[in-house]
Every structure is written in structure tokens, then in C-alpha cells.
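Below, read A as the first sequence line, B as the second, and so on, with proteins coming before strands; counting in each chain starts at 1. Heavy-atom basis, side chains included; hydrogens, waters and symmetry copies ignored.
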Protein chains: 2
Amino acid sequence: MKKITIGEAARQSGVKVPTIRYYEGIGLLSAPSRSEGNQRSYEPADLNRLAFIRHARELGFEIDAIRTLLHLQDDPDQSCASADAIAKARLIEVEQRIRSLNALKAELEQMVEGCGHGRVDQCRVIEVLADHGKCAHPHH
Amino acid sequence: MKKITIGEAARQSGVKVPTIRYYEGIGLLSAPSRSEGNQRSYEPADLNRLAFIRHARELGFEIDAIRTLLHLQDDPDQSCASADAIAKARLIEVEQRIRSLNALKAELEQMVEGCGHGRVDQCRVIEVLADHGKCAHPHH
DNA sequence: CTTGCACCTCTAGTCGCTAGAGGATGTAGG
DNA sequence: CCTACATCCTCTAGCGACTAGAGGTGCAAG
């Protein structure tokens, strides 16, 4: 197993160099060994960890949730109930966010459609913003 | 026109007291007159501004965009092309975000469904996170 | 041997607030 | 008039998850 520099790890994992260092700083990633010249030198296994973190971040999991998921991964005998709970919580969040964004989308569409491209005092965008009562969708 | 304390303005606009002061600090809201004892005293017109800002924030507009929209509102003779452009840009953002969240939702659902509630080493949640290749939806 | 890139640490900045310290003001009741 | 208490004031620091930059060292190629 050959050692990998931080730059190479970044390239292979898709996590930026400063972000890798940041993850190490907050204890999400354990500190790798160092070269003679004090440079971080990673092993292939660390790339899996980075990929895991990256994927989880892309799915919108918070650092703390990822910390828990990583602990779970290290302990394969454990029940996966916590992992399931974390994923389910995130799913509910995502569903709520989608609903709220759909409402926003509808309202923005109305604003944009109503805009006659004339002067500001006839602009529906400004008008709707100024008067919440003009929202068709009372989502907020 | 009766003067309004910051607390009353907060109650009526739904924007929290520290947030109002913050908006003043960053120049989004002009500084109101002060009472004898140096307390902020708002006029009814200021409530409209606050409501405008609040509504725009709820729609996810950034502070800088809101700054521009407020300038436009102050200048009713101007063309509303900029307002339109800002709203359209926001709409596109929202649409992209919805698409990406829908992909996420699908992936999370797969993870959660696949979880047999057994041990971690058979948990699909952990497994999928660890191996991006197992994503059904190559959204990222 | 020098050039130039990648690496190191450290601090500070981003966004949009929010929390808290420590003190002044305003108001209602006694 | 005094006291109690809510509300106000300013100021600084903190949140999450990075990102940017300064100022310096390591390393490999030509």
C-alpha cells in the first residue's frame, strides 16, 4: 500500500485540500502519518473514509450526523437502527424542503409572469414583495 | 403618525429585534430617529420596509438582492428589468434545488427501504454511503 | 542549483443571523 | 417618589461548514 499526498487524496476523493485539513481539525478524520518533511501521507483506506464523508455531505447530512455514521461503520456488529433513524430524519427534512420550495417556485413564477417589463411601479415582482397579502400561496 | 418602538415593530413585522438592528447595521434599513433616551423610534412606513424584507428573505433572496430590490422600489420610474432578472435568477435557483432534492429524496428512500434493521454490516444506509457506485441516481 | 509547485500552519473572512454581557431607559404599581 | 421589571442600548463573540490568504518549508525536474 503506497502512501498518498493530500493533493492526490483530494483529487481522488473530490474533497478539497483545505477541507480535508479542516475535517482533520474537527476530528472527523483521524490525523494521518507524516513524511520526513512533516507532510501528511494517507493510505488507501483513508480515501474510502473521504468518499464516505463526501457522499454524505452531498446528501446534506450534517457533520455531527456523519460523525455518528462513521462510528457506526467502524462497529459492524452494532444495530443499524441509528443509521436508519438518521437517514429517515434527513429524508423528512428533504421532503419538507421540497414542499416549501415548490410553494416558493409557484410564487416566483407568478411574480415573473405578472411582470409586464414596464416601470417599477407596475411591476408585480416588487408589488408582491411589498404586500404579502398578494401571495397566492399562503405558505409562510 | 405615531412612533413605534423596536419591540413593537418586531411584533408587527415578524422580524426579530436583533435582526432589525442587524439590518440597520448593514445598511439595509435606514437608521430611524431616536427618542430622548436614545431609543429607536420607527414610523409606520418603516413597517412596510420590514415586511418587504421579511417576505423577500422567506422567498430566499439574498441580502444583496434585497438591497437592489429596495432601491428599485424607491425609484418607481425605473424599468423593472432588474427586478425581473433577480426574480428569474432566483426561480432558476429554486428549480435546480428542487431537482437536486428530488434526486436526493430518491436515494434516501432507497437507503431507508433497503435497511433490514439488522446489523450495521448489512445496512444499506451505511453501504450506499460508503460506495457511491451503489447510487441508483447519478446526480452528483 | 534554481525554479516552481505543492505542502505546512495560522488567522480571518464568508452569510445571516443569534446569544449574551453589562448597562440605560421607560412604565406601572405602591 | 420609589421600586420593580420589561424593554431598550452597544458591543463582542459564536454558529456551520467551509474558503481565502499570508508567510514559510519540502520536493522533484531540468
Practice prompt. Tell me whether the OP1 or OP2 atom of C/dA6 has a side-chain N or O from A/Thr5 closer than 4.0 Å.
Written response: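 Checking C/dA6 against A/Thr5, no side-chain N or O comes under 4.0 Å of OP1 or OP2.
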Fill in: Salt-bridge criterion met for B/Lys105 and B/Glu109 (N-O under 4.0 Å)
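Yes, charged N to carboxylate O under 4.0 Å.
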When the distance from [atom1] of [X] to [atom2] of [N] is rounded to whole Å, what number comes out?
| X | N | atom1 | atom2 | value |
| --- | --- | --- | --- | --- |
| B/Glu8 | C/dG26 | CD | C1' | 15 Å |
| B/Glu58 | C/dG16 | CD | P | 15 Å |
| A/Glu24 | C/dC8 | CD | C1' | 12 Å |
| B/Arg40 | C/dT25 | CZ | P | 14 Å |

Discussion item. Can you give me the bend angle of the helix from C/dC1-D/dG30 to C/dG30-D/dC1? Use the axis through the first five pairs and the one through the last five, nearest 10 degrees.
Written reply: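 If I round to tens, the end axes sit 10° apart.
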Excluding sequence neighbours, so at least two apart, what forms side chain to side chain donor-acceptor pair (under 3.5 Å) with [X]?
| X | answer |
| --- | --- |
| A/Arg11 | A/Glu8 |
| B/Glu93 | B/Arg90 |
| A/Asp121 | A/Arg119 |

By side-chain contact (heavy atoms from CB on, under 4.5 Å) - contacts of [X] (at least two apart):
| X | answer |
| --- | --- |
| A/Gln39 | A/Ser35 |
| B/Ser82 | B/Leu72 |
| A/Glu36 | none |
| B/Ser33 | B/Lys3, B/Ser41 |

Would you classify [X] as touching base, sugar-phosphate or nothing, given that sugar-phosphate means primed atoms plus P, OP1 and OP2, and contacts are heavy atoms under 4.0 Å?
| X | answer |
| --- | --- |
| A/Arg21 | base |
| A/Phe61 | nothing |
| A/Ile26 | nothing |

Worksheet item: Heavy-atom contacts under 4.0 Å between residues 30-39 of chain B and DNA chain D, which residues?
Response: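 Those residues are B/Arg34, B/Asn38, B/Gln39.
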Item to complete: Quick one: list whatever passes salt bridge (Lys or Arg N to Asp or Glu O under 4.0 Å) with A/Asp84, sequence neighbours left out.
Response: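 Here the qualifying residues are A/Lys88.
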Worksheet, complete the sentence: Bounded by its outermost nucleotides with an atom under 4.0 Å from a heavy atom of chain B, the footprint on DNA chain D reads D/dC8 to D/dT10
Going by atom type alone, with no hydrogens or angles, which donor-acceptor pairs under 3.5 Å involve a side-chain atom of residues 14-28 of chain A and a protein atom two or more places apart or on another chain?
| unit_1 | atom_1 | unit_2 | atom_2 | d |
| --- | --- | --- | --- | --- |
| A/Glu24 | OE1 | A/Arg40 | NE | 2.8 |

Worksheet item: Where the side chain of A/Ile6 is defined as all heavy atoms beyond and including C-beta, which of C/dC7, C/dT18, C/dG16 is the nearest nucleotide?
Response: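 The listed nucleotide nearest to A/Ile6's side chain is C/dC7.
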Worksheet item: Short question: side chain of B/His55, backbone of A/Val128 - any donor-acceptor pair under 3.5 Å?
Response: yes
